[in-house]
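Following: one structure in structure tokens, then a few remarks.
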Amino acid sequence: MDDLLKSLTQPQREAVLHVDGPMLMLAGPGSGKTRVVTSRIVNLLHQGISAHQILALTFTNKAADEMKLRLARDVPDTNVWVGTFHRFAARLLRQHAVLVGLSENYTIYDTRDSRQALLQAIETLDFPITHATPEAIQHAISWAKNNLVTAEQYSATRGHELGSIVERVYPAYQKRLLECNAVDFDDLLLHTAMLLRENPELRSSLDQRYQYILVDEYQDTNLAQYAIVRALSIDYPNLSVTGDPDQSIYGWRGANLGNILEFEKDFANVKVVRLEENWRSTKSILVVADQLISNNTRRKHKELFTDNPQGSPVRLTCYTTQKTEAEGIAGQIAGAIHSGRRRPRDFAIFYRINALSRSLEFALRDLGVPYQMIHGLEFFQRKEIKDVLGYLQVVNNPRDDVALMRIINTPARAIGKKTVERLRAHAIRYGLSMLNAARESGLIESLNKRAAVAVAKFVAIIDFLGAVGPVDVEEILGHVLSQTAYRELFTESDDPQDQERLANIEELLTAARQFDEQNPGGGHFEEFLEQASLVNDTDDWETETDKVTLMTMHAAKGLEFPAVFVIAVEEGLLPHERSRHDPSQLEEERRLLFVAITRAEEELQLSLVKKREFRGQTKYVVPSSFLMELPREEMELIGAPLGGDELAEESWGDDADWNEAGDDGEVTFNVEEFAETPPPASSSTSSDLAATLTTAAEMVSEQAAELPQVSPDEFHQGMVVRHPEYGLGKIVALGGGSARRVATVDFASGARGKKFILNASALRPAT
DNA sequence: ATTCGCAAAGTTTTT
DNA sequence: CTTTGCGAAT
């Protein structure tokens, strides 16, 4: 502990040593915030505070994992609860589900599932919605929930058209969710906040349980999150929040900047600590960031400074077109890599909208620079994954109609739209869940025999899965795959997309296996599903690989890179067109650029172009108004017209000036020079990856056939195997930990569901 | 039940 | 210009 303190600055030390009472830590970018927070937890434990009285809340899994990792380094085996708001709420809600009308096996719907539930609710209302899209309604409901407005409380402002629709739809939607025993993301917070508000004994016992609460990125909390944290800090107001108002970039999602700006009014005797010293960036970079952000009014004044060297000046480069911009940047990167000065992973390129990544991808690929792009949601949103998990959802929560309707005819089993409609009508009429309605398919008059039989077969599958019992997740998923023959949909196809789907299913099984290892005992279906819906795969962005990173400025928060490029610093893109006219939204756009700039450690280039192709047509670009707020005399300006005085106010927005500059605007780097660069290992696409994986798997099974002893890990679900007694068969499910891995096998000879302990059996892969 | 074609929209994104 | 989703046709 003493060693720890020695390496800290005075303000950092103050924050670390703070024990009781509320604390507000205003931490600028690169100020060592995470380190301070984890050190403070270490100190709390040191003071004799029990680990289970400490609660650390973050926004993203990435941040939570980072904190866990650092904490584990200092205090191995601690059981301080570190996690996201949503996960904490989900856990609390499991224990007290009944109080809000749910049962503990409730399902968490993602945005798409919620939309389906919403559409179903609108159907039951049967009044036509003409002037609002479902997305708009969904958004309005989400906004209400984030602001703690319940369905009963919601009332439209007079004359507000969308509002009056929402007023009717919101309660119906909420009813539908309860019928399905499901919640949406916002409900996790709303229900929990209401739970605490309406059950004073529960609130005070939890307040006592969680005496020390730490919240990260407090500037991004919404009202619901605020209410939860506030309710847990009344008797024991040892709440410490960390954040930076200048890095609040999620206002459009309901984040309430007021939460952090007014923290000091909210609690008595708040200790305020300012971490202003920056350890990340050069002076050149920091001064640009500082000047820019000082144009905002809604902030807490902060003086950023650093002991780091001056560094090279920040570049502001103007290219002719997005093509030359991309090539120029790719050329600089290739050059630096080629000369051995930098590695690919040192670089990041940020842009305001995903659509801008295209030209960069081409340019990087042309020069053979490996890169990775961070897109938001992926894995758990894929159709094949959602389909397979849909079965598990229904098994876990038989009232989950949304999941049921997703899978009832997937893979196709002759249950058409009409049949589903009739089932649904029956369900509504008798107040049944879809599954129970399906059970009665034989009694529904509108259904013909063929349809009724098809439905009965589906019910049989669900019942079979339900009867499997509390086994490992990997095993139940294996049963899902073999019962539905889902895998067979893809195995015969040579469409590369299908191969990718197959690989994704394997990945799901691997994820299930890892989960099983961490949660032994079997039957943890709902925890697995919860993890699947609350996780997103930007979280496991590969930090280890040596590639240039391309991402939106939003995704960049919390990261740092030696060299950063920010492209398209242009009016209409940054600030974005839709934010340009509202002063508070404009400030958020400025914060976004501030976040992007402060990711850079040593080198930074901002760039724009003269004309940009957008949605098919080329338009002359107006430089971002933010550029005028930067200390241009301290920056290196490259490329006409930014080199001269043309960046003066009078030429702003005047397209003519841009035309005159000519078409071969200066490019900072000669691309041709690097065209001959021997291409480094190119960025591997997922299909490449799938191909390698298949080959590897083949090699493994070839080897296995020759070797007398086979490792249990070499068996996988769906594999064809041979047994000396039963002959050829197929693995329909796998379960158990690595030492006691059990395979369930159906044999061609007719023997079904035979179980073998892989370590001990004579079962071998067939080749 | 699947496939094809057309229309419409096209910030940012967590959970 | 692209992508994506829904609806109509086979």
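First the proteins, then the strands, lettered A, B, ... as listed; each starts at 1. Because the structure is predicted, anything quoted here is derived from the model rather than measured.
- Looking at A/Glu384 and A/Tyr486, their side chains come closer than 4.5 Å, going by heavy atoms from C-beta outward.
- Base orientation of B/dT11: syn, the glycosidic angle falling within 90° of 0.
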- Item | salt bridge (Lys or Arg N to Asp or Glu O under 4.0 Å) between A/Asp387 and A/Arg382, worked out | CA-CA 8 Å; A/Asp387 287 345; A/Arg382 294 198 169 143; over 6 Å; no
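- Between A/Asn222 and the phosphate of B/dT14, there is no side-chain N or O to OP1/OP2 separation shorter than 4.0 Å.
- C/dT3 and B/dT14 have their C1' atoms separated by 23 Å, with the value rounded to a whole Å.
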- What's the verdict on salt bridge (Lys or Arg N to Asp or Glu O under 4.0 Å) for A/Arg424 and A/Glu421, showing C-alpha distance, side-chain angles and the deciding distance? CA-CA 5 Å; A/Arg424 174 96 178 102; A/Glu421 259 169 40; over 6 Å; no
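- Using a 4.0 Å heavy-atom criterion, one finds that A/Asn409 contacts the sugar-phosphate atoms exclusively.
- Rounded to a whole Å, the CZ atom of A/Arg382 is 13 Å from the P atom of C/dT4.
- With A/Asp65 contributing its side chain and A/Lys62 its backbone, the two residues share no donor-acceptor pair below 3.5 Å.
- Between the C1' atom of B/dT14 and the CG atom of A/Asp110 lies a distance of 12 Å, rounded to the nearest Å.
- Distance A/Arg612 CZ to B/dG10 P: 20 Å, rounded to the nearest Å.
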- Task: Determine, stepwise, if the pair A/Asp184 / A/Gln138 fulfils side chain to side chain donor-acceptor pair (under 3.5 Å).
- Result: CA-CA 11 Å; A/Asp184 61 26; A/Gln138 193 176 26; over 6 Å; no
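- Taking atom CZ of A/Phe614 as the reference point, atom P of B/dA9 lies 16 Å away to the nearest angstrom.
- Phosphate contact (OP1/OP2 of B/dT15, side-chain N/O of A/Asn61, threshold under 4.0 Å): present.
- In this structure, the NE2 atom of A/His576 is 11 Å from the P atom of B/dT13, given to the nearest Å.
- Residue A/Arg352 places none of its side-chain N or O atoms closer than 4.0 Å to OP1 or OP2 of B/dT13.
- Between A/Arg87 and A/Ser579, the residue anchored nearer the 5' end of DNA chain B, judged by the nucleotide with its closest heavy atom, is A/Ser579.
- Looking at heavy-atom distances under 4.0 Å, A/Arg413 makes no contact with the nucleic acid at all.
- Closest-nucleotide positions on DNA chain B for A/His86 and A/Glu588 were compared, and the one nearer the 5' end corresponds to A/Glu588.
- For A/Thr552 and B/dT11, the shortest distance from a side-chain N or O to OP1 or OP2 is not below 4.0 Å.
- Contact annotation for A/Ala414: backbone-only contact, meaning every heavy-atom pair under 4.0 Å involves sugar-phosphate atoms and none involves a base.
- Side chain of A/Ala412, nearest nucleotide from B/dT2, C/dT3, B/dT11: B/dT2.
- A straight line from CD of A/Gln116 to P of C/dC6 spans 8 Å, rounded to a whole angstrom.
- Taking atom CH2 on A/Trp252 and atom P on B/dT13, their separation rounds to 7 Å, with Å as the unit.
- Once the 5.5 Å centre distance and the 30° plane angle are applied, the aromatic ring of A/His554 is found not to be stacked with the base of B/dT12.
- No donor-acceptor pair closer than 3.5 Å links the side chain of A/Asn397 to the backbone N or O of A/Gln393.
- Rounded to a whole Å, the CZ atom of A/Arg253 is 10 Å from the C1' atom of B/dT12.
- Lacking a ring centre under 5.5 Å from that of the base six-membered ring together with a plane angle below 30°, A/Tyr250 does not count as stacked on B/dT12.
- At the heavy-atom level, A/Ile415 lies under 4.0 Å from the strands shown only through sugar-phosphate atoms.
- Contact annotation: A/Arg358 reaches the phosphate of C/dT3 (side-chain N/O to OP1 or OP2, under 4.0 Å).
- Using a 4.0 Å heavy-atom criterion, one finds that A/Glu589 contacts the bases of the nucleic acid, with or without backbone contacts as well.
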